[in-house]
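Hydrogens, waters and symmetry mates play no part in the numbers below; they use all other heavy atoms, side chains included. Residue numbering restarts at 1 for every chain, and letters A, B, ... go by the order of the sequence lines.
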Amino acid sequence: MDYFFTEEQEMIRDLCRQIAEERIKPVRAELDEKEEFPSEIMKALAQADLFQIIIPEEYGGLGGGCLENCIAVEELSRACCGVSTSYAASFLGAYPMLLFGNEAQKEKYLPLIGSGEKLCAFALTESASGSDAASIQTEAKKDGDSYVLNGSKQWITNGGEAGVYTVIAITDRNKGARGATAFIVEADDPGFSIGKKEVKMGIRASATSELIFKDCRIPADRVLGKEGLGFVVAMRTFDKSRPGVGAQAVGVAQGALDEAAAFARVRKQFGKPIITFQAVAHMLADMAVDIEAARALVYAVARYVDSGAKDFSKVSAIAKVFPTDMAMRVTTNAVQVLGGHGYMREYPVEKMMRDAKILQIYEGTNQIQRNVIGQELNKEYGRKK
Amino acid sequence: MKIAVCIKQVPDTANVKLDPETHTLKREGVESIVNPFDLFALEAALRIKEAAGGEIVAITMGPPQAETVIKEAIGYGVDEGLLLSDRAFAGADTWATTAALAKAIEGLGEVDLVICGKQAVDGDTAQVGPGIAQRLGLPHVAFVKGFREIDDKHLVVERQMDDGYDVVDLPLPALMTVVREVGEPRPPSLKGKMRAKKYTVPMQGAVELGLDESQVGLAGSFTQVVKVFAPSHSGDRRMLEGSDEQMGAEVIDALVDTQVIMVGS
């Protein structure tokens, strides 16, 4: 399929594919086994300017949008979703600065993130606050020219690896959802430390850690937007980033189909390659149908977002739900096509199946996405009377 | 620091054709790549630039199509490129090649460091790097595998030897050839690739270099390739049996008998 990419977009795809083949595939099993952060790969991605993709040109970046991000993430995910999660999480942390940062904040942080000198991270989730984001407990109290943060964040991708964090904390408990504020926290801020690094089912090359704030004092000019905008910052960020999760799903699923189809052509039973049996061929065909539909959806939504559309929460959620549910099906079936081989860690598909599961959970569970879609439908059809 | 990197385009396939007259490789129409060893030279240059600052110029000599390897080098992050191309350069051996490359490097002005790959995978001579150093009157270290110190005035390099390595203090200006251990080549960068698309590769011929036709190409070469062939391996084979000592002694005897080794009295 030709999706009519620009020359620049093709370059991004080809370069990511090259890095995936040369740098990621040979080490993905080892990174997964050892739960090791892919520092060398992050360095290569930085040298290739891939952290510059969504950074505006005036800050040294390439000025790309959602589609460019999706193209890169898809190709990297095709080889390893743990690596692509570490890469994409840096953009997740950077989007709040892009969307709500003032000139001084953009000038200070975007070049550091774009060059890959510092990884970025986004911190909202807490132990008692997942889908119910408004229930976060981490507090930020204004004290003269600074804010003092107390509390902890849980399951933060790139926690401990990032140099810059976007942190959502409560500044006014009486204002409910309007009482949260987004802050920029630097890794060496006093009172900020990294807690437990989690052991996970999948995306094990990525680092997922607890962040601890104990009288963490930061200058008042680290507020993103203004006080009380914390949840707006978070929701706008997710609207931008969700098609990227869909792109991860397309990549993982494509990687699984690559393995399953290649295996089915060489695996012989009853004297014939198993791809010649209709039962297997139809499974592969369904995988291909699923993947192409999801890919077309992700690219279309990404292009819509990049067109300057204002209200895209619904389609952004759709571009996360469908591809990620699809990736779970496709990777599970890829294991089935490989049979006993697929269940063994010697083959990459069981890892893909473990990796795919997180895509239905993080950046808003697929149930929450359906809430978003449902609410939007309610609004739309309310207007249409 | 100003760094010149010499790179060569080599055929990407084993099925290359030979020119029946010159007995050299016919490069036109065969897909070409950057000589793999030269990618290590580019990587070394990029690392030295990261440490000491400066500018990198990639130079190649070849037919007009060789501009693609200069563009590839731009994609990796070198600052400028230069293609030496002239019908008169055809059939050059390593001597005539170094004549053109050395002149081109002189033409760049104050070059602090020249870096070459240890050898090209097509000719395998490993002569061009040291040859350029000789012509430019530069000290040179071949087979550099790593750096210990880098500054404007000198480099401390590790030179790979058969049994270990030497540590060499190399005053600049100088030339070095590098081996694989110097560092895995980085991927090209997006900004570099975009720049390469638009980059016009400057080209120089014998006249621009101030070389006489008798100094370059086949006319300027001392050697001529008469025949290229794969050596046959049709020698006799003997399998030995017995204890290690017995077989060892038999090997020594056989080598002495065939005068491969001489045993002193």
Enquirer: Taking CG in A/D2 as the centre, count heavy atoms belonging to other residues, nucleotides or ligands within less than 6.0 Å. Is the count above 12?
Expert: yes
Enquirer: For A/E22, is it the side chain, the backbone, both or neither that has a heavy atom under 4.5 Å from a heavy atom of chain B?
Expert: neither
Enquirer: Measure across A/A44 and B/P187 and return the closest heavy-atom pair with its distance rounded to 0.1 Å.
Expert: O-CG, 3.6 Å
Enquirer: Is the CD atom of B/E110 crowded by more than 12 outside heavy atoms at less than 6.0 Å?
Expert: no
Enquirer: Compare every heavy atom of B/R186 with every heavy atom of A/R23, then report the nearest pair and how far apart it is.
Expert: NH2-CA, 3.6 Å
Enquirer: Please indicate whether B/R180 has more than 12 foreign heavy atoms, meaning atoms of other residues, nucleotides or ligands, lying under 6.0 Å from its CZ.
Expert: no
Enquirer: Rounded to the nearest 0.5 Å, what separates atom NZ in B/K193 from atom CD in A/E10?
Expert: 11.0 Å
Enquirer: Using a 4.5 Å cut-off on heavy atoms from C-beta on, say whether the side chain of A/Q18 contacts that of B/P188.
Expert: yes
Enquirer: What's the spacing between B/L190 CG and A/L15 CG if we round to 0.5 Å?
Expert: 5.0 Å
Enquirer: When rounded to the nearest 0.5 angstrom, what distance separates CE in B/M194 from CE in A/M11?
Expert: 5.5 Å
Enquirer: Say whether, by atom type as modelled, one donor and one acceptor occur between the side chain of A/D49 and the main chain of B/S189 under 3.5 angstrom.
Expert: no
Enquirer: Looking at A/R236, I'd like to know if its CZ atom is crowded, meaning that more than 12 non-hydrogen atoms belonging to other residues, nucleotides or ligands lie closer than 6.0 Å.
Expert: no
Enquirer: In terms of heavy-atom proximity below 4.5 Å to chain B, should A/Q47 be classed as side chain, backbone, both, or neither?
Expert: both
Enquirer: Chain B heavy atoms under 4.5 Å from A/I53: which part of the residue, side chain, backbone, both or neither?
Expert: side chain
